[in-house]
Amino acid sequence: MQNTTFQMSSIVTRYAPSPTGPQHIGGIRTALYSYLFGKKHGGEIILRIEDTDQNRYVPGAEEFIINSVNWCGFAFTQGVHVGGAHAPYRQSERSELYAKYADQLVKAGHAYIAFDTPAEIEAMKAHLSATGTVMPQYDASTRHLMKNSLTLAPEEVEAKIKAGEAYIVRFKVPENEDVKFYDLVRDWVNINSSQIDDKVLLKSDGLPTYHLANVVDDHEMQVTHVIRGEEWLPSAPLHLLMYRAFGWEDTMPAFAHLPLILKPDPSVLVQNKVRKKEMIVKLPSMYLEAHPEAGEAFQQKGEQFLQQVMRDPVTFQKGLKEDEKDKPEIADFKSWLRDQLYGKLSKRDKELHGIPVFPLTWTDPETGDVNVGYRELGYLPEAFLNYLALLGWNPGNDLELMTMDEMIENFSLEKVHKSPAKFDLDKLNHFQAHYLRNLSADRWLELLKPEVKAAGFDLPSDEYLLGVVDKMKERVTFVSEIPEKADYLFQAPHDFDQNMLSKGWNEEAMQMLRDLIGLYEKQESWTEMEIEEIFKTYIEENEIGIGKLMTPLRLAITGKSFGPGIFEISVLIGKNETLDRIKSALERLQPVG
RNA sequence: GUCCCGUUCGUCUAGGGGUUAGGACUUAAGAUUUUCAUUCUUACAACGGGGGUUCGAUUCCCCCACGGGAUGCCA
């Protein structure tokens with residue numbers, strides 16, 4: 001990796017999202033893989049914003065992408081936010097370029113100008129469908145029937161343009177040609193060109209479509225490796241054809257199409273009794289919300305249906321299939337259900353499966369809807385990223401927990417999976433707990449302080465806080481759980497575990513605690529070993545079962561029945577506080593039983 | 001519908017013509033522990049189905065089933 005400077009500098013990858021909304025974790029993973037690959041080969045990693053659709057532009061989306069990547073802890077070497085040799089990196093700022101190249105293609109006979117209105121195209125397709133064509137499209141078989149520069153006389157075309165008539169540029173896809181291309185993760189893929197329609201290259205607003213902009217920019221920016229989602233696989237042959245038409249085939253980038261990230265398996269839902277019950281009620285009302293026309297009466301029917309279908313995974317799978325015997329309202333519900341339960345991970349899956357899809361919290365600028373992100377939920381970026389990296393890639397050994405450097409070292413596109421992966425929150429949480437336990441003192445303080453304040457406690461010293469961390473880090477998955485589970489480390493307990501109280505808080509225990517206070521008071525030096533010794537000597541001398549005293553002691557000091565070692569806690573909070581708490585408990589709590 | 005891609009424990013996956021099919025998460029049991037965790041040990045659990053090719057197939061080929069994607073003047 002350290003040698004071959006020439007090879008190293010020649011790699012260029014890119015991440016090219018469109019700012020149509022918050023970046024979902026699939027996008028982050030694509031960005032990550034582009035980064036890992038680029039970094040591994042010492043190359044350039046470009047962030048290019050594909051904002052060629054004016055209608056779908058969402059303010060803030062671009063910042064969201066950059067913030068997300070920053071939070072995850074990796075970076076681009078070129079891009080909208082940092083500049084670079086190929087600036088600008090926003091496609092809306094490069095539009096003359098695309099028009100120029102589209103023109104070049106038209107002149108060379110690889111593309112043509114078309115004047116058809118959407119309605120006319122629609123009519124053509126409808127007509128073909130009616131006469132039995134399975135896949136009606138604007139292509140070699142139909143382009144001669146339409147209004148374009150292939151069918152119109154040149155003067156006519158000229159006149160129309162002069163008159164200001166709207167037009168687009170379409171790519172002239174060759175007829176019936178096998179297009180074969182190599183994909184780094186899927187090997188050879190073969191598609192016949194008749195499957196591809198004459199894609200629009202330049203829209204009537206003068207802006208390019210993805211297909212044109214992407215090919216032109218990857219060429220201009222000297223991109224060597226295009227790493228993108230599987231949804232692009234079917235249009236890759238088109239892109240190849242375009243590189244060919246431009247005469248750029250020699251320098252065409254290599255392609256790597258990544259598998260999708262899927263929703264969790266719905267049969268898991270069926271097997272979980274609690275979740276199942278929830279879903280039987282929730283799904284019909286969610287459907288009702290989306291389809292108010294179904295009518296209130298639907299809710300019950302929907303629940304009935306689910307109850308039958310969700311008996312077990314097999315009935316579930318069968319029951320969700322299309323069935324001609326279904327009543328119309330159930331048929332609609334079913335197809336809606338399929339969309340909700342299967343397929344790519346989507347925004348709805350936070351609600352449905354408890355799986356957030358955004359790295360950061362996103363507030364929809366139009367609706368005000370808040371979609372909570374991994375960061376705000378308390379996930380550590382390194383845990384999130386490590387888990388995400390493994391959803392579609394694996395180094396091929398048993399390595400799972402990896403630092404960024406290890407991921408870079410081990411990464412290869414050949415090891416990227418072909419098949420999609422389902423998101424598993426349990427495993428992410430395991431990673432999270434692991435990384436939390438290995439956090440540095442500085443990070444701990446940085447993360448814990450706001451949580452302590454948010455819980456309404458006074459902020460203790462850093463030293464004390466690190467003591468808290470030491471006692472609690474093995475017991476939590478999120479930092480916010482610390483003030484929640486160990487409130488007694490920040491103030492004397494207000495509430496006491498009733499169950500525990502009824503089991504062991506009696507006259508006998510109270511007397512023992514009074515004895516213990518006496519012994520503790522005499523003890524000058526206050527270390528864990530010493531006070532444990534006092535405790536043990538006492539119970540041995542009085543032949544008491546250890547739990548008989550330990551439980552009431554813990555209860556008096558913490559109010560709880562579980563937690564770190566009680567002597568550790570006593571030392572942390574100090575001698576005075578320990579004694580105060582025992583005394584106060586003895587005053588406040590009446591003996592039970 | 002048509003085209004493209006995929007299919008190993010419940011989940012994420014390793015492997016690859018002859019393996020006791022390996023690891024991780026989850027679940028369960030045990031050890032440690034004053035409790036709760038952590039940690040450690042153990043257990044449960046998989047090659048979608050059918051045909052080939054082969055002495056032998058989970059691995060290669062074909063078909064089917066299932067899952068996914070694409071089929072826009074969206075990306």
Side-chain angles (χ1 to χ4, degrees), chain A residues 16-20 50-53 55-56 114 116-118 121 129 133-138 166-170 183 185-186 189-192 194-197 199-205 207-211 213-214 228-237 257 259-260 262 264-265 267-268 271-272 313 317 321 342-344 387 390-401 417-431 433 437 471-476 485 500 532 535-536 539 545-551 553-555 558 560-567:
Chain A
S18 77
T20 53
E50 311 228 327
D51 54 348
T52 54
D53 186 353
N55 304 322
R56 292 212 306 161
D116 318 272
T117 63
I121 296 169
S129 292
T133 306
V134 277
M135 195 175 47
Q137 54 184 17
Y138 202 126
Y167 70 93
I168 59 173
V169 175
R170 280 183 186 273
D183 184 285
V185 345
R186 284 153 211 280
V189 178
N190 198 355
I191 296 181
N192 191 282
S194 61
Q195 293 301 319
I196 309 167
D197 64 347
K199 288 281 182 239
V200 174
L201 261 25
L202 213 56
K203 298 179 277 187
S204 54
D205 63 4
L207 290 176
T209 58
Y210 171 83
H211 300 107
N214 144 272
R228 73 223 307 193
E230 192 192 322
E231 66 270 28
W232 294 112
L233 195 55
S235 50
H257 289 95
L260 266 16
L262 263 32
D265 198 316
S267 65
V268 172
Q271 280 156 355
N272 182 323
Q317 214 180 40
K321 276 202 189 147
Y342 293 99
K344 304 198 255 200
Y387 176 72
L390 258 15
L391 230 46
W393 167 72
N394 178 291
N397 45 37
D398 286 337
L399 246 195
E400 286 205 319
L401 293 157
H417 307 139
K418 294 177 171 71
S419 47
K422 297 184 190 101
F423 200 100
D424 180 4
L425 205 59
D426 281 335
K427 191 149 181 176
L428 201 214
N429 288 341
H430 171 76
F431 275 48
R437 277 176 234 132
K471 309 295 168 244
M472 292 304 295
K473 67 177 175 186
E474 315 252 283
R475 281 158 237 270
V476 296
K485 284 190 172 168
M500 247 5 216
E532 187 169 356
F535 179 93
K536 285 198 171 143
I539 56 167
I546 197 160
K548 278 252 197 285
L549 180 51
M550 189 69 84
T551 309
L553 180 62
R554 172 180 296 280
L555 211 46
T558 73
K560 291 190 162 52
S561 56
F562 54 84
I566 193 60
F567 305 113

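Just so we're on the same page: letters track the sequence lines, and every chain starts at 1.
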Whether over 12 other heavy atoms sit under 6.0 Å from Lys548(A) NZ: no
Check the distance between rC73(B)'s P and Leu202(A)'s CG and give it to me in whole angstrom. 13 Å
At less than 3.5 Å, do the side-chain atoms of Arg56(A) and the base atoms of rC74(B) form a donor-acceptor pair? yes
Quick check: on RNA chain B, is the nucleotide nearest Ile191(A) upstream (toward 5') of the one nearest Leu390(A), or the reverse? Name the residue that is more 5'. Ile191(A)
Count the heavy atoms belonging to other residues, nucleotides or ligands that lie under 6.0 Å from OH of Tyr138(A), then report whether that count exceeds 12. yes
Look at all strands and tell whether Leu260(A) reaches a base, only sugar-phosphate, or nothing, counting heavy atoms closer than 4.0 Å. sugar-phosphate
Expressed as a whole number of angstroms, how long is the span from Lys427(A):NZ to rU26(B):C1'? 10 Å
Using the P atom on both, measure rU53(B) against rC62(B) and round to a whole Å. 15 Å
Out of rC73(B), rC4(B), rA75(B), which has the shortest distance to the side chain of Asp53(A)? rA75(B)
Indicate the atoms forming the closest heavy-atom contact of Tyr387(A) with Phe431(A), along with that distance. N-CD2, 3.9 Å
Taking only the P atom of each, what is the distance from rC5(B) to rG18(B) in whole angstrom? 27 Å
Once you apply a heavy-atom cut-off of 4.0 Å, does Val200(A) come out as touching a base, just sugar-phosphate, or nothing? sugar-phosphate
Is the Trp232(A) ring parallel, tilted or perpendicular to the Tyr210(A) ring (thresholds 30°, 60°)? parallel
For rU20(B), what is the paired nucleotide under Watson-Crick or G-U wobble rules, both distances under 3.5 Å? none
If we take the P atom in both rU26(B) and rU39(B), what is their distance in whole Å? 9 Å
Should rC66(B) form a Watson-Crick or G-U wobble pair with both distances under 3.5 Å, which nucleotide is its partner? rG6(B)
For Lys203(A) versus Thr209(A), what's the shortest heavy-atom pair and its separation? CG-CG2, 3.7 Å
For Glu230(A), report the nucleic acid contact type (base, sugar-phosphate, nothing); a contact means any heavy atom under 4.0 Å. base
Out of rC74(B), rC25(B), rG72(B), whichever nucleotide has its closest atom nearest the side chain of Lys203(A): rC74(B)
Nearest whole Å is fine: how far is rA24(B) C1' from Trp393(A) CH2? 14 Å
For rU54(B), which nucleotide is its Watson-Crick or G-U wobble mate, given both distances must be under 3.5 Å? none
If we take the P atom in both rC66(B) and rG49(B), what is their distance in whole Å? 15 Å
Classify the nucleic acid contact of Glu400(A) as base, sugar-phosphate or nothing, counting any heavy atom under 4.0 Å across all strands shown. base
Nearest-nucleotide pick for Trp232(A), side chain only, options being rU7(B), rA24(B), rA75(B): rA75(B)
Atom NE2 of His417(A) and atom C1' of rG67(B) are separated, to the nearest Å, by 17 Å
rA37(B) and rU27(B), which share atom name P, separated by this distance in whole Å: 11 Å
Look at all strands and tell whether Asp183(A) reaches a base, only sugar-phosphate, or nothing, counting heavy atoms closer than 4.0 Å. nothing
Given side chain to side chain contact (heavy atoms under 4.5 Å, CB included), test Ile546(A) with Phe535(A) step by step and report yes or no. CA-CA 9 Å; Ile546(A) 197 160; Phe535(A) 179 93; 4.0 Å; yes
Could you work out which one of rC73(B), rG6(B), rG1(B) sits closest to the side chain of Lys418(A)? rG6(B)
Would you indicate what Gly392(A) reaches in the nucleic acid, counting non-hydrogen atoms under 4.0 angstrom: base, sugar-phosphate, or nothing? sugar-phosphate
Within the structure shown, what part of the strands sits under 4.0 Å from Thr209(A) by heavy-atom distance: base, sugar-phosphate, or nothing? sugar-phosphate
Given atom OH of Tyr342(A) and atom C1' of rG6(B), what is their separation to the nearest angstrom? 17 Å
Sugar-phosphate only, base, or nothing, as touched by Lys344(A) at under 4.0 Å among non-hydrogen atoms: sugar-phosphate
Expressed in whole Å, how much space separates the P atoms belonging to rA14(B) and rC60(B)? 14 Å
Span that lies between the P atom of rU11(B) and that of rC73(B), in whole angstrom: 38 Å
Expected string for nucleotides 28-38 of chain B under the B/S/- scheme (protein heavy atoms, under 4.0 Å, primed atoms plus P, OP1, OP2 as sugar-phosphate) is ------BBBBS
May I ask you to say what Pro17(A) touches in the nucleic acid, namely base, sugar-phosphate or nothing, with a heavy-atom cut-off under 4.0 Å? nothing
Scan Asn214(A) against the nucleic acid and name what it touches under 4.0 Å (heavy atoms): base, sugar-phosphate only, or nothing. nothing
Watson-Crick/G-U partner (both atom distances under 3.5 Å) of rA43(B): rU27(B)
Nearest-nucleotide pick for Asp424(A), side chain only, options being rG1(B), rU11(B), rC73(B): rU11(B)
Contact under 4.0 Å: Thr52(A) side-chain N or O vs rA75(B) OP1/OP2: yes
Of the candidate nucleotides rU71(B), rA14(B), rC25(B), which contains the atom at the shortest distance from the side chain of His430(A)? rC25(B)
Say we look at rG51(B) and rC12(B): how far apart would their P atoms be, to the nearest angstrom? 28 Å
Round to the nearest Å and state the distance from Phe423(A) atom CZ to rU26(B) atom P. 15 Å
Measure the distance from CG on Leu401(A) to P on rC12(B) and round it to the nearest whole Å. 18 Å
Let me spell it out: for each of Ser235(A) and Glu231(A), pick the nucleotide of RNA chain B with the closest heavy atom. Which residue's pick is nearer the 5' end? Glu231(A)
Apply side chain to side chain contact (heavy atoms under 4.5 Å, CB included) to Leu233(A) and Asp183(A), showing your working. CA-CA 9 Å; Leu233(A) 195 55; Asp183(A) 184 285; 4.0 Å; yes
One thing to verify: whether Lys427(A) and Asp424(A) come together as a salt bridge, which I'm taking to mean a side-chain N less than 4.0 angstrom from a carboxylate O. no
Can you see which heavy atom on Leu390(A) is nearest to which on His417(A), and at what distance? O-CE1, 4.5 Å
Whom does rC36(B) pair with, Watson-Crick or G-U wobble, provided both distances fall under 3.5 Å? none
Drop me the distance from Lys344(A)'s NZ to Glu231(A)'s CD, to the nearest 0.5 angstrom. 5.0 Å
Do Gln137(A) side-chain atoms and Ser194(A) backbone N/O form a donor-acceptor pair below 3.5 Å? yes
Can you tell me how far C1' of rC12(B) sits from NZ of Lys422(A), to the nearest Å? 10 Å
